[in-house]
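Some notes on the structure that comes next.
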Amino acid sequence: MLLDGFVPPAENYHNYANGLRFGPDGWLYGRCGASSPGEIGAPGTPAHERIPMRGAIWRYHPRTKVFEALSCGTTNPWGHDWNEYGELFFINTVNGHLWHGFAGAHYMRPHTIDPNPRVYKQIDQHADHWHFDTAEGWGRSRDGRADSYGGGHAHVGMMIYLGDNWPAEYRGRLFTINMHGRRANQEILERRGSGYVGRHGADFFFAADPWFRGIELSYGPDGSVFVLDWADTGECHESTGVHRTSGRIYKITCGQPKSGTTTDLAKLSVDELVNLHTHANEWFVRQARLELVSRLATGGFSLSAVKELRSLFAKSSDTVVKLRALWSLYSIDHADAQFLSEQLLDVRFLNPIAARGLAMFDDPAVGARLVKAYRQFHPSERPQLLAALVSRPAFAAALLDAIGEAKIPRADLSAFGARQIRGLNDEVLNKKLVEVWGDFREAHTDKQQVIGQWKSRLTPALLAKADKGGGRLVFGRACASCHRLYGEGATPGPDLTGAGRGNLDYLLENIVDPSAVMSADFRMSVVTLKDGRVLNGLVTSQTERTISLRTATETMTLERAEITSIGQESKLSLMPDGLLDALSHEEVRNLIAYLMHQSQVPLPTSKR
C-alpha cells in the first residue's frame, strides 16, 4: 500500500479516491468530494505530517512518492481532463459544473466547512451558465424539469476531445455526462484574460433508456469515443436498485474509424515512441509517454529517448508538439532546472526567472550562455541578469570579457556589481576588472578632497544647464535598484523622496562616502552558498530554518542548510563607494541636478 487515509464517513459515501488518471506531467491525479475529508500519507505517517484533503483535486508522483492536495472546495468533482496546452479542467455537481484546475486554487463550496476561512475570496465556477434553474435550487432539477437548461445539476465523467475521428470543430471541446438529463453536455472552452470561460454548446447526445447512468467517456486509439454506462435505476443518494451486472459500454464514431492502428506500444522502438508525439490523436502521445516512464521504472530505458525528445523540442515549430516533448522529458526526469531555464532565456520578461535558475549551476558554459543572451533582456530586467553574472567567478569572467569586447556597455556594470566581483577574492578577476571597468577603490584616501572637487565642478550655473530627464535615466540605471524616488525604484536602501536632496553637500557626502553615516539597518552581509555563489545584501529577517537577504535586485529567502557562511555585518554600506567614478562628467551633472529637483521630471522623448 502506498497511501492511506482515504476513509469516508459512514454516513456519506460520496466520491473520494476516484477517477485516477495520469496527467501530462507524469503525476497521477485523483478527485475528492468536499464532504469526505481525509488525512493522506504513506502507511504509518504520523498525524501531524499527513496532508489534509478537503475536496477538489489531488495528485501523487509514482516515483518520488509525493502526495499533494492541489486544490480544495467545490462539491463532488466526478471527471477531469487536460486540454492540448496541459491546462486541467474538472466537472462537478451542485455548485457549478465546470472548473479550471490549478495548484493552490480555493474554490466555492456550498455547505461544507471551509478549511481556509481567511482566504480573501473563493473562486467560482468557470462556466458562464448553469444546467438548472438556480432560483429553484439543484434538488429540483431532476425528472426532466431542467431539460431546457441542460439536464440538471449532476455531472459525471469528462473528456476534452483531442482525438482524430470526430469532425475538426469538436477538437478541444469539453464533454460531460449529465446524469439526470441522460445526455452529454458540451462546453466550448475560450481564453479570457489569464484563464478560461466555458460557453454553452449544444447538448451532444441523448439516451432514451431510463436506466442510462453514464459515468465516464474517453477517446481511444482510433479517435472514437467510449462511453461507460452504469445502467441502473438509482443514483448516489439511493441505496436500492444497485445492479452489478447490467453495465454497458458504447462507442461513438464519425464515419468509418481507421483500421490497422498499432496499440501495443510496448513493442515500439524509442524512435517510434518519440515520433508518436506528433500524432494528431492525443491518445497516442499520452500512451507513448507512459511507455517511456514504464521503461524507466523497469530498467528498459534508453538515453536515446532524451536525445530524441530534446531534438523534437528544439526543432518543432508547433507549440503543442514542443509542450508534449517537454512534458515527456519531465516525466522521465530529464527536464531539469538547467534545461528549463535555458529554454526561458529566449522568452522576454520570463528570462530573469531563467537567469536566477541558471545561477544555481556552476558551469562556465552557463555563464557564457547568460552573457550571450544579454541583449534579449529588456533594459529594466538586465540588473537581474547582472546580479546572476557577478555571483560566480566563472560567470563574472564571461561578463568582464564581454565588457572588454564592447558587447556589454561598461556603464551597465554598477559600482555595486563591481564590488561584488571584488568580493569573490579572485586575483585574475580583479586585474580584469581594472582593465575593462576601472580601478575600484573601496575607500578614497581623502574623501573630503573628492567631495570638494565635485563641489567645485557642480556650480549652480553648470547644474542649470543639466538635462534632468537624462538624469532620471542615469538614476534608473545606477541608483533605482537600491533606492526609490517619486515611487519608482527598489527598497534595499532608503527612500530618497523625502531626503534633504536640495543640499549639494548632503548629496555628495552620501554618494562619495556612503559608509560615513550609516544606520545598522543598511550594513552589508556577505553570504556564501554551498553551490558556490557569493551574495551581498542586507539580512532583513531570520528564522531557525531560513534567512531573508535583500540584494540590489531582489529579496531572497535562503535555507540555512544551503548556506556555507554568513560574513559578519560590515561597517560598509550596501551602497558602494565609487558610484560617480563609473559615470561621465555629463552624467554626474544630470544625475545631481535631477536628485536636487523637488518634483518628478519627464523622461527624454526617445526613452518613453
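Along the sequence shown, residues are numbered consecutively beginning with 1.
- For CZ of Arg560, the number of neighbouring non-hydrogen atoms (other residues, nucleotides, ligands) closer than 6.0 Å is greater than 12.
- Across every non-hydrogen atom of Ser341 and Gly357, the tightest pair is OG-CA, 3.7 Å.
- Side-chain contact annotation: Glu87 with His100, donor-acceptor N/O pair under 3.5 Å present.
- Annotation for Tyr219 and Ile160: closest pair CE2-O, 3.4 Å, computed over non-hydrogen atoms.
- Of all heavy-atom pairs spanning Asp362 and Asp531, the tightest one is CB-O, 4.1 Å.
- In this structure, the ring of His80 has its center no less than 6.0 angstrom from the ring center of Phe90.
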> Can you check salt bridge (charged side-chain N to carboxylate O under 4.0 Å, His left out) on Arg109 and Asp124, steps first, answer last?
Replying inline: CA-CA 9 Å; Arg109 56 183 66 229; Asp124 208 340; over 6 Å; no
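- Geometrically, Arg59 does not engage Phe67 in a cation-pi contact defined by less than 6.0 Å to the ring centre and at most 45° from the axis.
- Trp82 and Phe89 have their aromatic ring centers separated by at least 6.0 angstrom.
- Panel note: side chain Ser328, backbone Ala325; no donor-acceptor pair is recorded below 3.5 Å.
- Between Asp229 and Arg213, none of the side-chain N atoms (NZ, or NE/NH1/NH2) sits under 4.0 Å from a carboxylate O, so this pair counts as no salt bridge.
- Cation-pi geometry between Arg286 and Phe22 is not satisfied (NZ or CZ under 6.0 Å from the ring centre, within 45° of the ring normal).
- Under a 3.5 Å cut-off, the side chain of Gln125 and the backbone N or O of His97 do form a donor-acceptor pair.
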request  = Walk me through it: do Asp209 and Arg248 pass the test salt bridge (charged side-chain N to carboxylate O under 4.0 Å, His left out)?
outcome  = CA-CA 12 Å; Asp209 186 351; Arg248 303 169 185 175; 3.0 Å; yes
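- The main-chain N or O of Leu273 is found under 3.5 Å from a side-chain atom of His277 such that the two form a donor-acceptor pair.
- For the 3.5 Å distance criterion, the side chains of Gln384 and Arg356 qualify, holding a donor opposite an acceptor.
- Note: His131 and His153 fail the aromatic proximity criterion, with ring centroids not under 6.0 Å apart.
- Heavy atoms only, all atoms of each residue included: Gly152 and Ala146 are closest at N-CB, 3.6 Å.
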Is there a salt bridge (charged side-chain N to carboxylate O under 4.0 Å, His left out) between Lys267 and Glu272? Walk through the geometry before answering. CA-CA 10 Å; Lys267 298 179 180 179; Glu272 290 172 317; over 6 Å; no
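- A donor-acceptor pair under 3.5 Å is absent between the side-chain atoms of Arg289 and the main chain of Phe284, judged by distance alone.
- Looking only at atom types and distance, the side chain of Thr75 has a donor-acceptor partner in the side chain of Asn95 under 3.5 Å away.
- The closest donor-acceptor contact from the side chain of Ser294 to the backbone of Leu290 lies at 3.5 Å or more, if one exists at all.
- Side-chain atoms of Arg183 never come within 3.5 Å of backbone atoms of Asn178 as a donor-acceptor pair (strictly under, hydrogens ignored).
- The heavy-atom pair separating Leu3 from Phe6 by the smallest distance is CB-CE1, 4.0 Å.
- Side-chain atoms of Glu216 come within 3.5 Å of backbone N or O of Met158 as a donor-acceptor pair.
- Checking side-chain atoms of Arg199 against main-chain N and O of Asp128 turns up no donor-acceptor pair under 3.5 Å.
- Side-chain atoms of Thr543 and Thr546 form a donor-acceptor pair, as typed in the model, at a separation below 3.5 Å.
- Aromatic ring centroids of Phe313 and Phe339 lie under 6.0 Å apart.
- Between the side chain of Arg63 and the main chain of Ser331, a donor-acceptor pair closer than 3.5 Å is present.
- Taking a cutoff of 4.0 Å between a charged side-chain nitrogen and a carboxylate oxygen, Asp346 and Arg369 qualify as a salt bridge.
- Side-chain contact of His48 with Glu39: a donor-acceptor pair under 3.5 Å is absent, judged by distance alone.
- In summary, Arg21 and Asp81 engage in a salt bridge, as defined by a charged side-chain N under 4.0 Å from a carboxylate O.
- The six-membered or imidazole ring of Tyr107 lies near that of Trp99, with a centre-to-centre distance under 6.0 Å.
- Under the ring pair (Phe, Tyr, Trp, His ring centres under 6.0 Å) test applied with Tyr161, the options Phe175, Trp166, Trp283 reduce to a single match, Trp166.
- Side chain of Ser316 to main chain of Asp318: a donor-acceptor pair is present (N/O by atom type, distance under 3.5 Å, no hydrogens or angles).
- A donor-acceptor pair shorter than 3.5 Å cannot be found between the side chains of Thr253 and Ser224.
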